[in-house]
Amino acid sequence: MDRIKKIICICILFLSSSVLAEQTDQFKKQLEDYKARYNFYSIKDTLYTIKSELELPQGYSYVDPTDSLSYSYWIANFPIWNQYKPVGNWKHRKQFNSDEVSRVIHLPWQGPAFKDVAIPVRLLGEYGFQFNNRLAFQIMPKAGEMITYKKWLQGKPAYNQRGELLFKEDILKDDTENEYYRFILFSMQNVNFESITKSCDTVLIDSVQAGDMFIAYDKTGKKGKLYIIFHLISDDSGNIMYLVANGCPEACDLYIPKVNENRDNPWITIKQLRQLTNEYNNSKFYRFKTITNDNIE
């Protein structure tokens with residue numbers, strides 16, 4: 001990748017590690033601004049991002065979200081790990097070597113709930129926390145009534161004889177950080193592929209944006225594949241390519257798959273994306289219903 005392109009800064013900061021090592025006052029301010037959006041980012045002296053670490057195919061440029069407060073913008077600018085980070089699983093073992101994937105997404109997690117199907121729930125919940133909009137979160141469970149943070153604070157989750165989720169009256173809980181993440185964990189444990197799609201609207205291919213998902217699943221709704229769109233690029237002819245990330249059926253790091261021999265160039269076409277889910281019928285793009293006009297309301 002051309003060195004000049006690697007040090008371009010877009011809005012909050014997209015710089016290469018060689019520049020960041022200088023630790024200028026400007027960089028420190030930019031890092032501070034960056035951590036305001038992703039306060040879990042744990043590297044003190046360097047930023048690794050999609051734009052600083054990955055290559056663009058010849059003739060392509062980024063399709064950047066315009067609203068800096070949108071979920072799409074937040075996903076598109078998400079931090080990633082450096083090229084040497086392997087994919088770990090919830091048993092603290094290595095799932096994939098670093099050279100078997102493109103990059104690992106920089107998102108802290110632990111425990112068995114961080115499965116491929118549940119990761120979008122965590123991302124949506126994390127966005128609500130980062131932007132102080134926790135009450136906007138809502139998700140459909142495998143069976144039963146809609147899960148919301150307001151219901152969680154005011155009631156107690158229970159299940160009827162058919163296994164359907166409901167909320168019973170209970171002592172009012174305090175809205176704290178720990179309580180919110182307990183709620184997000186509960187939500188992650190109560191979804192499957194079908195219920196995720198019920199929390200979404202379908203999206204036409206011409207309207208896909210960062211943060212949308214490409215989902216395919218079987219008749220039971222329990223088995224499937226889910227890819228999160230992290231960025232888009234286009235050429236002068238309007239051809240679109242995608243940067244996607246996914247997890248594992250058993251909890252592991254969210255990662256960008258290696259789709260060709262060059263792990264620094266993981267962009268794929270819609271045809272290639274469909275091939276990743278070809279064992280399941282009726283694959284579609286989806287967007288969370290809580291995201292309206294690119295914002296959580």
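If you're wondering where the values come from, they're calculated on a predicted model, not measured in any experiment. Quick note: numbers below take in every heavy atom, side chains included, and nothing from hydrogens, waters or symmetry partners.
- Tracing side-chain contacts under 4.5 Å through hydrophobic residues (I, L, V, M, F, W, Y), one never reaches Tyr149 starting from Met140; they form parts of separate clusters.
- Within the 4.5 Å cutoff, side-chain heavy atoms of Ser187 are placed close to those of Phe137.
- Considering all non-hydrogen atoms of both residues, Val191 and Lys142 come closest at O-CE, 3.4 Å.
- Applying the ring pair (Phe, Tyr, Trp, His ring centres under 6.0 Å) test to Trp90 and every residue at least two apart in sequence or in another chain returns nothing.
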- request: Test side-chain contact (heavy atoms from CB on, under 4.5 Å) on Tyr48 and Trp81 and set out the steps.
  value: CA-CA 6 Å; Tyr48 298 101; Trp81 285 99; 5.9 Å; no

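- Applying the ring pair (Phe, Tyr, Trp, His ring centres under 6.0 Å) test to Tyr286 and every residue at least two apart in sequence or in another chain returns nothing.
- Partners of Phe186 by ring pair (Phe, Tyr, Trp, His ring centres under 6.0 Å), not counting sequence neighbours, listed by chain and number: Trp152.
- Scanning for ring pair (Phe, Tyr, Trp, His ring centres under 6.0 Å) contacts around Tyr217 gives an empty result, with sequence neighbours left out.
- Atom CG of Asn160 is surrounded by more than 12 heavy atoms from other residues, nucleotides or ligands within 6.0 Å.
- The main-chain N or O of Trp74 is never found under 3.5 Å from a side-chain atom of Asn77 such that the two would form a donor-acceptor pair.
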- prompt: Do Ile256 and Leu243 pass the side-chain contact (heavy atoms from CB on, under 4.5 Å) test, and can you show the C-alpha distance, the side-chain angles, and the key distance before you say yes or no?
  reply: CA-CA 8 Å; Ile256 301 168; Leu243 183 73; 3.7 Å; yes

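- Residues Tyr159 and Leu185 fall into different hydrophobic clusters, defined by Ile, Leu, Val, Met, Phe, Trp and Tyr side chains chained together at heavy-atom separations under 4.5 Å.
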Derivation of the side chain to side chain donor-acceptor pair (under 3.5 Å) call for Asp218 and Thr220: CA-CA 5 Å; Asp218 65 7; Thr220 69; 2.7 Å; yes

N/O donor-acceptor pairs under 3.5 Å from side chains in residues 112-124, not counting sequence neighbours:
from   : atom 1 : to     : atom 2 : distance (Å)
Arg122 : NE     : Glu126 : OE1    : 3.2
Arg122 : NH1    : Pro108 : O      : 2.7
Arg122 : NH2    : Pro108 : O      : 3.1
Arg122 : NH2    : Glu126 : OE1    : 3.0

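- Across all non-hydrogen atoms, the minimal contact from Pro157 to Leu165 is CB-CD1, 3.9 Å.
- The disulfide bond (SG atoms under 2.5 Å apart) check on Cys200 picks up nothing, with sequence neighbours excluded.
- Between Lys173 and Phe183 there is no side-chain heavy-atom pair separated by less than 4.5 Å.
- The CD atom of Glu194 lies 6.0 Å from the OG1 atom of Thr197; values are rounded to the nearest 0.5 Å.
- Hydrophobic clustering places Ile75 together with Leu69 (ILVMFWY residues linked when any side-chain heavy atoms are closer than 4.5 Å, directly or through intermediates).
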field: Residue pair Ile233, Ser61: steps toward the side-chain contact (heavy atoms from CB on, under 4.5 Å) verdict
entry: CA-CA 5 Å; Ile233 56 176; Ser61 59; over 6 Å; no

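- The closest side-chain heavy-atom distance from Phe230 to Leu254 is below 4.5 Å.
- Between Glu53 and Asp264 there is no side-chain heavy-atom pair separated by less than 4.5 Å.
- When all heavy atoms of Asp67 and Ser70 are compared, the closest pair comes out as O-OG, 2.8 Å.
- Residues Lys85 and Ser98 form no side-chain contact, since every pair of their non-hydrogen atoms from C-beta on lies 4.5 Å or further apart.
- To the nearest 0.5 Å, the span separating CG on Asn192 from NZ on Lys198 amounts to 8.0 Å.
- In this model, no donor atom of one side chain and acceptor atom of the other lie less than 3.5 Å apart for Asn89 and Glu250.
- Ring centroids of His106 and Tyr41 are separated by less than 6.0 Å, placing the two rings close together.
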- request: Could you go through the ring pair (Phe, Tyr, Trp, His ring centres under 6.0 Å) check for Tyr62 and His231 one step at a time?
  value: CA-CA 8 Å; Tyr62 288 100; His231 222 309; 5.0 Å; yes

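- Legend: residues meeting salt bridge (Lys or Arg N to Asp or Glu O under 4.0 Å) with Arg134, ordered by chain and number and at least two apart, are Asp175.
- With sequence neighbours left out, Glu100 forms a salt bridge (Lys or Arg N to Asp or Glu O under 4.0 Å) with no residue at all.
- Nearest heavy-atom pair, Asn246 versus Leu226, reported as atom, atom and distance to 0.1 Å: CB-O, 3.4 Å.
- Ring pair Phe131/Tyr127 is tilted by interplanar angle, where 30° to 60° counts as tilted.
- Side-chain atoms of Ile196 and Ser199, non-hydrogen and from C-beta on, never get closer than 4.5 Å to each other.
- Sorted by first and then second residue, the salt bridge (charged side-chain N to carboxylate O under 4.0 Å, His left out) pairs with a member in residues 220-241 read Lys225-Glu279; sequence neighbours excluded.
- Counting only distance, with no hydrogens or angles, the side chain of Arg263 and the backbone of Gln83 share a donor-acceptor pair below 3.5 Å.
- No side-chain heavy atom of Met213 sits under 4.5 Å from any side-chain heavy atom of Arg287.
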field: Audit row: Lys51, Asp64, salt bridge (charged side-chain N to carboxylate O under 4.0 Å, His left out) steps and yes/no
entry: CA-CA 11 Å; Lys51 290 187 177 182; Asp64 284 309; 2.8 Å; yes

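- Ring geometry for Tyr38 against Phe40 counts as perpendicular: the plane angle is over 60°, on a 0 to 90° scale with 30° as the lower cut.
- Using a 4.0 Å cut-off between charged nitrogen and carboxylate oxygen, Lys94 and Asp253 do not count as a salt-bridge pair.
- Under the side chain to side chain donor-acceptor pair (under 3.5 Å) criterion, Tyr280 pairs with no residue, sequence neighbours left out.
- For the pair Lys156 and Glu169, the minimum side-chain heavy-atom distance is 4.5 Å or more.
- To the nearest 0.5 angstrom, Ile147 atom CD1 is 12.0 Å from Met188 atom CE.
- Nearest heavy atom pair, residue Ser72 against residue Pro65, reads OG-CG, 3.4 Å.
- Across all non-hydrogen atoms, the minimal contact from Pro57 to Trp267 is CD-CD1, 3.7 Å.
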task: Start with the C-alpha distance between Gln130 and Asn39, add both sets of side-chain angles, then the distance that settles side chain to side chain donor-acceptor pair (under 3.5 Å), and finish with yes or no.
output: CA-CA 7 Å; Gln130 296 288 323; Asn39 65 8; 2.7 Å; yes

- prompt: side-chain contact (heavy atoms from CB on, under 4.5 Å) between Glu32 and Lys28: does it pass, once the steps are laid out?
  reply: CA-CA 6 Å; Glu32 180 182 340; Lys28 292 177 181 178; over 6 Å; no

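- Checked by atom type and distance alone, the side chain of Asn97 never pairs as donor or acceptor with a backbone atom of Asp99 at under 3.5 Å.
- By the side-chain contact (heavy atoms from CB on, under 4.5 Å) test, Lys151 pairs with Glu145, Met146, Thr148, Phe167, sequence neighbours left out.
- Taking NZ from Lys150 and CG from Leu135, the interatomic distance works out to 8.0 Å, rounded to the nearest 0.5 Å.
- Other members of the hydrophobic cluster containing Phe214, listed by chain and number, are Val63, Val203, Ile205, Val208, Tyr227, Ile229, Leu232, Ile240, Tyr242, Val244, Val259, Ile268, Ile270, Leu273, Leu276, Phe285; membership follows side-chain contacts under 4.5 Å among ILVMFWY residues, whether direct or relayed.
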